Amino acid sequence: MGRDTAEEPNARLTAARNDPSPALPEQNPVDRLRLPGHLEHLADRARDYVEAASSANTRRAYSSDWKHFAGWCRRQVVEMFPPNPQVVGLYITACASGKATGDKKPNSVSTIERRLSSLTWNYAQRGQPLDRKDRHIATVMAGIRNTHASPPRQKEAILPEDLLAMLETLPRGTLRGLRDRAMLLLGFAGGLRRSEIVGLDVGRDQTEDGRGWVEFFPGKGVLVTLRGKTGWREAEIGRGSSDVTCPVVALETWLKFARIVHGPLFRRVIGKGKSVGAERLNDQEVARLVKRTALAAGVRGDLPEGEREHKFSGHSLRAGLASSAEVDESHVQKQLGHASAEMTRKYQRRRDRFRVNLTKASGL
């Protein structure tokens with residue numbers, strides 16, 4: 001009896017060392033049930049709803065972080081189960097010091113926060129909750145924030161004059177040029193995230209992976225209905241003052257020459273640039289487009305080349321609209337789908353920076 005008890009921990013540790021990712025999280029609690037045949041269709045629907053509860057990017061991050069934690073536990077010869085706040089506290093300490101599995105440098109505070117959220121979610125999927133408020137975690141995390149936290153690094157906002165210069169770098173009279181022009185203008189005028197841009201369809205309920213659609217209103221503009229981070233919302237994109245810079249004209253032109261009447265709005269250009277495929281663009285294409293055209297147009301040319309490369313992303317279009325639109329804050333908040341006015345004000349503070357000179361106003 002005593003021998004069996006003594007050997008049991010060693011057996012568990014050996015299993016932990018040999019399993020690269022022990023007990024990966026169950027993606028769906030329905031999978032744990034053995035259901036009669038007539039309920040299988042409901043189980044399938046339940047699985048779809050569970051998938052829809054979080055984005056694909058979130059699920060990938062949670063899975064990656066779980067494997068990262070499993071690898072660290074294996075290397076340190078400590079057990080993952082049951083969830084131990086002291087072990088998790090040591091893990092986030094290793095992340096902050098750059099001594100976790102596969103890390104070449106210390107993780108940022110935001111990365112550690114995400115890893116901690118991932119562990120909490122993964123443990124919850126197994127019915128073994130992790131107490132993040134336990135002193136071994138909360139105190140260590142507070143110390144990490146105080147020691148390593150830095151001001152947020154926001155991406156550079158693309159302002160209207162920047163966008164016009166970027167449009168000039170695109171080839172005229174080509175399908176790829178027409179598509180990229182429409183994406184930049186629609187993304188800016190709609191204040192859209194990169195995933196929202198490529199997730200659009202021509203019409204409602206046309207694809208399984210679509211996250212929204214467009215509807216043309218002659219003489220007025222385009223209504224974009226989409227599902228974002230905060231739920232469904234509508235973004236009104238009015239016609240511009242000139243056809244050259246009008247997002248509605250750019251979108252109409254792309255659809256006409258690409259001969260797209262159904263399905264994904266923005267697709268790959270194939271056949272040496274002469275035809276359009278059926279597949280939806282990846283959201284990374286938007287980020288690459290913004291970065292490429294911003295650099296080509298010389299946006300923020302006052303900065304060193306290496307620094308400029310990190311200034312722009314797909315979010316730059318969204319930030320640009322919020323930073324430049326001279327309208328009531330509530331309209332901007334609605335267009336961008338911000339859950340709070342405070343988030344919108346972060347952009348407007350950047351827009352209003354140095355508009356009022358209190359130094360001179362005070363008499364100095």
Side-chain angles (χ1 to χ4, degrees), residues 157-168 170-207 210-228 231-267 269 276 280-281 286 289-290 293 314 317-338 344 347 351:
I158 297 296
L159 301 178
E161 57 269 26
D162 300 326
L163 182 61
L164 295 180
M166 291 161 62
L167 294 174
E168 288 299 317
L170 297 174
R172 297 179 179 273
T174 67
L175 284 174
R176 185 172 284 106
L178 295 177
R179 181 200 65 192
D180 292 350
R181 187 181 191 87
M183 284 200 298
L184 288 176
L185 285 167
L186 194 71
F188 180 91
L192 306 181
R193 299 178 177 89
R194 67 188 192 188
S195 60
E196 294 172 345
I197 296 174
V198 299
L200 292 173
D201 289 340
V202 178
R204 180 172 185 165
D205 299 331
Q206 291 186 345
T207 65
R211 301 183 63 84
W213 65 91
V214 297
E215 185 178 359
F216 289 89
F217 287 78
K220 295 184 178 180
V222 172
L223 180 65
V224 179
T225 303
L226 50 85
R227 185 173 69 236
W232 286 96
R233 78 176 192 275
E234 293 180 342
E236 297 177 0
I237 300 179
R239 287 189 172 272
S241 56
S242 167
D243 284 355
V244 177
T245 60
C246 177
V248 181
V249 171
L251 185 57
E252 290 174 332
T253 304
W254 158 246
L255 291 176
K256 175 183 177 181
F257 286 95
R259 298 180 181 179
I260 297 175
V261 296
H262 187 277
L265 196 62
F266 294 114
R267 315 176 184 187
V269 175
V276 176
R280 186 186 307 278
L281 279 183
V286 178
L289 170 63
V290 172
T293 54
L317 296 175
R318 183 174 166 84
L321 176 73
S323 301
S324 58
E326 298 285 352
V327 296
D328 186 85
E329 155 189 304
S330 62
H331 296 297
V332 179
Q333 181 182 349
K334 178 184 176 184
Q335 186 83 338
L336 272 64
H338 282 156
T344 305
Y347 294 101
R351 178 196 67 188

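Since the model is a prediction, treat every value here as computed from it, not as a measurement.
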A side-chain contact here means heavy atoms from C-beta on lying under 4.5 Å apart; do [X] and [Y] qualify?
| X | Y | answer |
| --- | --- | --- |
| Arg194 | Val290 | no |
| Leu226 | Arg211 | no |
| Leu167 | Leu185 | yes |
| Pro264 | Thr207 | yes |
| Val286 | Arg193 | no |
| Leu184 | Leu317 | yes |

Can you name the side chain to side chain donor-acceptor pair (under 3.5 Å) partners of Arg267, sequence neighbours left out? none

Answer yes or no: is there a donor N or O on one side and an acceptor on the other, between the side chain of Arg318 and the main chain of Leu192, under 3.5 Å? no

Without swapping roles, check the side chain of Trp254 against the backbone of Met183 for a donor-acceptor pair under 3.5 Å. no

side-chain contact (heavy atoms from CB on, under 4.5 Å) for Leu186 and Leu200? Distances and angles first, verdict last. CA-CA 11 Å; Leu186 194 71; Leu200 292 173; 3.9 Å; yes

Determine whether Phe216 and Val248 satisfy the following criterion, side-chain contact (heavy atoms from CB on, under 4.5 Å), listing intermediate values before the conclusion. CA-CA 8 Å; Phe216 289 89; Val248 181; 4.2 Å; yes

Gap separating the [atom1] atom of [X] from the [atom2] atom of [Y], nearest 0.5 angstrom:
| X | Y | atom1 | atom2 | value |
| --- | --- | --- | --- | --- |
| Leu321 | Ile158 | CG | CD1 | 12.5 Å |
| Arg179 | Thr174 | CZ | OG1 | 9.0 Å |
| Asp180 | Thr293 | CG | OG1 | 8.0 Å |
| Arg227 | Arg233 | CZ | CZ | 12.5 Å |

Looking only at heavy atoms, which two atoms of [X] and [Y] are closest? And how far apart?
| X | Y | answer |
| --- | --- | --- |
| Pro247 | Gly238 | CG-O, 4.1 Å |
| Phe266 | Ile197 | CD1-O, 3.6 Å |
| Ala182 | Ala250 | CB-O, 3.7 Å |
| Gly190 | Ala235 | O-CB, 4.1 Å |

Apply side-chain contact (heavy atoms from CB on, under 4.5 Å) to Arg176 and Leu170, showing your working. CA-CA 9 Å; Arg176 185 172 284 106; Leu170 297 174; over 6 Å; no

Residues pairing under ring-ring contact (aromatic ring centres under 6.0 Å, His included) where one sits in residues 174-203, two or more places apart or in two chains, turn out to be none

Report the C-alpha distance between Thr253 and Arg181 in whole Å, list the side-chain angles of each, state the deciding distance to 0.1 Å, and finish with yes or no for side chain to side chain donor-acceptor pair (under 3.5 Å). CA-CA 10 Å; Thr253 304; Arg181 187 181 191 87; over 6 Å; no

Could you walk me through whether Arg204 and Thr225 pass side-chain contact (heavy atoms from CB on, under 4.5 Å), step by step? CA-CA 9 Å; Arg204 180 172 185 165; Thr225 303; over 6 Å; no

Residues which pass salt bridge (charged side-chain N to carboxylate O under 4.0 Å, His left out) with Arg239, listed by chain and number, not counting sequence neighbours: Glu252

